[in-house]
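Report on the structure given below.
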Protein chains: 2
Amino acid sequence: MAQVDTVTRILDAAEELFAEHGFAETSLRTITARADVNLAAVNYHFGSKKALIQAVFARFLGPFYKLVESSLDTHEQQHPDTILSIEDILRFVARAMASVTQGDRSRLAIFMRLLGLAYNQGQGHLRKFLQTEYRSLFRRVMSLITKATPDLQPVERFWRFHFMLGSAAFTLSSMENLRAIVEHDFDTKCTEEEVVGYLLPFLAAGIRAK
Amino acid sequence: MAQVDTVTRILDAAEELFAEHGFAETSLRTITARADVNLAAVNYHFGSKKALIQAVFARFLGPFYKLVESSLDTHEQQHPDTILSIEDILRFVARAMASVTQGDRSRLAIFMRLLGLAYNQGQGHLRKFLQTEYRSLFRRVMSLITKATPDLQPVERFWRFHFMLGSAAFTLSSMENLRAIVEHDFDTKCTEEEVVGYLLPFLAAGIRAK
DNA sequence: TTTTGAGTTAAACGTATGTTTCAAACAGTT
DNA sequence: AACTGTTTGAAACATACGTTTAACTCAAAA
């Protein structure tokens, strides 16, 4: 049986470590050690650490992107002229995320962490990368949300959208820690699905406040 | 007129730079250069970079902490046995934040960024620091929220609280960038007060969803 | 068989980092 | 004025980092 590809092993290791310790705090040496790969392999295959970070992100983003697009496409074919509710929209996105991260729970965290960094890091490279890769999907979702909330002023809708984004990004990226707290304080275990089940109604209620 | 204290100059410079570039990405040399202070001063006065980060945070947290406590105290004295609504609670917190960050808008961002890091960074030093410094205020606010949302299950309330926290942390820590986007896309300027004015109803509606 | 070229390896490079050192400057006290 | 404890200064230290180099491996092509 053949070993897994070097590139894949690097991406896997980087994904885990980035999610666990962040980007600046994770060195190429740690990554290549865990991947059981020579240090130079990262620069050989990806060019630089920045490019690796983007590649880790792209490996997640690509399938997610396509899945949301295609599921929206088929829905619009089957139910044309239907206005989706906020809950529906969120469910589409959540379902795509779940199916992309299936069996690898740290990928969600890393995606969300990256999202947060992209917004926080003023002139960072992630921001531009994310914006160019993301733009058309972002616009599409945003126009669905607009149809679902016709009474909202554009500026307020923009902000509420980012309130939602923030809620999701923060919660999902620190899911591990929060679940540990729940287990300690309430003697209960929460699955990711349950947390998302809590999250969506919160977001939906928030965006249609008043 | 005497120069500003070295310690204060370091804290001011660190605060700005941390808010702008993050913690790992800001070096002591950059900080001391902006503060116009010798490199060794940080280690002399604070001991380490970690300690400096905590000091930056503590300078904000202390006054904020006291302000929330005292304003809650006086309110409870004047209106005993009154159950505060979620909006009221949020307004208390928001007012304290506004008054502490007044005239220095980057302090809010750095506080929120730190908050985010504290939750994301698994075994980070920030988490413990924040928890010990924060614990009693956190409990107090949490018990007020509990009274304001008696129908909520404890676990779901916990999650919704962190959904709120996430929304606020994400939005306020990337406020600068988001406002720039608003200005570009909508030709409108948003003050921080306006954003908070958008945020609080969103949060309140979210936490009492269904 | 020889050649080729992508992939891997160990080592080194240059740089930036946090921290330490120790002498000089300073401020307050006696 | 001399002493004392605190603060500053320039330099060095040790280390960790991302990246580059050049020799080597090895399978497929010629």
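If you're wondering where the values come from, they're calculated on a predicted model, not measured in any experiment. We name chains A, B, ... by the order of the sequence lines, and we start the count at 1 in each one.
- Contacts between chain A and DNA chain C, taken as any atom within less than 4.0 angstrom of a protein heavy atom, begin and end at C/dA6 to C/dA12.
- Atoms CZ and CD1, on B/F57 and B/I110 in that order, are 8.5 Å from each other to the nearest 0.5 Å.
- Residues satisfying the ring-ring contact (aromatic ring centres under 6.0 Å, His included) criterion with A/Y134, sequence neighbours excluded, are absent altogether.
- Between B/F202 and A/L203 the shortest heavy-atom distance is CE1-O, 4.3 Å.
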Using a cut-off of under 3.5 Å, enumerate the N/O to N/O pairs linking the protein to nucleotides 25-28 of chain D.
none

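- For A/F60 and A/F111, the distance between ring centers is under 6.0 angstrom.
- Between A/N43 atom CG and D/dC17 atom C1' there is a gap of 11 Å when expressed in whole angstrom units.
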Between the protein and nucleotides 5-8 of chain D, list the N/O to N/O atom pairs that are separated by less than 3.5 angstrom.
| from | atom 1 | to | atom 2 | distance (Å) |
| --- | --- | --- | --- | --- |
| D/dT7 | OP2 | B/Y44 | OH | 2.9 |
| D/dT8 | OP1 | B/T6 | OG1 | 2.5 |
| D/dT8 | OP2 | B/H45 | NE2 | 2.6 |

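- Residues B/R157 and B/T149 bring a donor and an acceptor atom of their side chains to less than 3.5 Å of each other.
- Contacts between residues 48-61 of chain A and DNA chain C, counted as heavy-atom distances below 4.0 Å, involve no residue at all.
- Residues B/D12 and B/R9 are not paired through a salt bridge, judged by the lack of any N-O separation under 4.0 Å between the basic side chain and the carboxylate.
- Distance A/E25 CD to D/dA16 C1': 14 Å, rounded to the nearest Å.
- Remark: the B/T146 side chain and the B/S143 side chain contain no N/O donor-acceptor pair separated by less than 3.5 Å.
- For B/R29, whose side chain is taken as the heavy atoms from C-beta onward, the closest listed nucleotide among D/dG18, D/dA12, D/dT20 is D/dA12.
- Aromatic ring centroids of B/F170 and A/H162 lie 6.0 Å or more apart.
- In the model, B/Y44 has no side-chain atom that pairs as donor or acceptor with a side-chain atom of B/T6 under 3.5 Å.
- The residues B/R107 and B/E16 are annotated as not salt-bridged, no charged nitrogen and carboxylate oxygen being separated by less than 4.0 angstrom.
- Among the atoms of the strands shown, only primed sugar atoms or phosphate atoms (P, OP1, OP2) are found under 4.0 Å from some heavy atom of A/T26.
- The list of salt bridge (Lys or Arg N to Asp or Glu O under 4.0 Å) pairs with a residue in residues 193-205 of chain B, not counting sequence neighbours, is empty.
- Ion pairing of A/K66 with A/D73 is absent here, as no side-chain N (NZ or NE/NH1/NH2) approaches a carboxylate O to less than 4.0 Å.
- Ion pair B/R179/B/E183 not flagged as a salt bridge, since none of the NZ, NE, NH1 or NH2 atoms sits closer than 4.0 Å to an Asp/Glu carboxylate oxygen.
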